[in-house]
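Keep in mind the model is a prediction, meaning the values are calculated, not measured. To find a chain, count down the sequence lines: A is the first, B the second, and so on, and within it residues start at 1.
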Amino acid sequence: MAADRRRKEMKVMAASHWLVKSEPNSYSYADLERDGRTVWDGVRNNAAALHLKAMKEGDEVLFYHSQEGLAVVGVARVVRTAFPDATDPAGRFVAVELAPIRALAKPVTLAAMKAEPALAGMAMLRQSRLSVSPVSDAEWDVILKMAA
DNA sequence: GCCAACGTTGGC
DNA sequence: GCCAACGTTGGC
């Protein structure tokens with residue numbers, strides 16, 4: 001039983017991967033590189049907020065450009081776990097802080113991801129409006145390979 | 001608690 | 001600019 005609990009804790013503690021969307025018009029990956037780190041706030045969706053709350057320091061995050069670009073363009077890292085979003089007057093939602101790790105050598109386009117059978121189950125493809133979504137280890141590896 | 005109306009996101 | 005998906009709101 002103790003072993004069971006330990007296994008569960010290990011699972012919870014294991015590093016996870018995520019994907020966040022941003023319109024480059026309002027905040028691009030280049031902006032993140034320029035700023036060094038940024039508060040990821042303004043998320044007003046419960047499912048997305050749950051994912052923000054599940055993020056741990058050091059988790060790696062794919063940075064996706066929506067509306068324009070339509071591609072994963074960089075990798076970021078969680079540098080501060082969830083805290084109350086100061087831009088939410090009702091105080092219901094949370095924010096995290098992200099820092100840039102690197103821009104991808106080759107952006108991975110939405111079209112390429114849709115065309116890749118290994119990514120058919122990806123959360124962001126199945127629920128296109130979700131602005132913060134989990135990425136499985138397998139999906140993560142596939143996408144980084146596509147970016148090489 | 002249901003459901004229609006409405007608003008927002010995001011791809012095309 | 002349109003439309004699909006989907007979340008939220010508000011009347012009942």
Rounded to the nearest angstrom, tell me the gap between atom [atom1] in [X] and atom [atom2] in [N].
X: A:His65; N: B:dC12; atom1: NE2; atom2: P; value: 17 Å
X: A:Leu130; N: C:dG7; atom1: CG; atom2: P; value: 9 Å
X: A:Met124; N: C:dA5; atom1: CE; atom2: C1'; value: 14 Å
X: A:Asn45; N: B:dG7; atom1: CG; atom2: C1'; value: 14 Å
X: A:Asn25; N: B:dT9; atom1: CG; atom2: C1'; value: 14 Å
X: A:Arg92; N: C:dT8; atom1: CZ; atom2: P; value: 7 Å
X: A:Arg129; N: B:dC12; atom1: CZ; atom2: P; value: 16 Å
X: A:Gln67; N: C:dC3; atom1: CD; atom2: C1'; value: 14 Å

| A:Val61 versus A:Trp140, closest heavy-atom pair with distance | N-CH2, 3.9 Å
[N], OP1 or OP2 - any side-chain N/O from [X] closer than 4.0 Å?
X: A:Asn46; N: C:dT8; result: yes
X: A:Gln127; N: B:dG10; result: no
X: A:Tyr64; N: B:dT9; result: no
X: A:Lys114; N: B:dC12; result: yes

| Would you call A:Glu60-A:Arg77 a salt bridge at under 4.0 Å N-O? | no
| query | Do NZ/NE/NH1/NH2 and the carboxylate oxygens of A:Arg44 and A:Asp85 come within less than 4.0 Å? | reply | yes
Side-chain donor-acceptor distances from residues 98-124 of chain A under 3.5 Å, at least two apart:
{"from": "A:Thr109", "atom 1": "OG1", "to": "A:Ala112", "atom 2": "N", "distance (Å)": "3.0"}
{"from": "A:Glu116", "atom 1": "OE2", "to": "A:Ala118", "atom 2": "N", "distance (Å)": "3.0"}

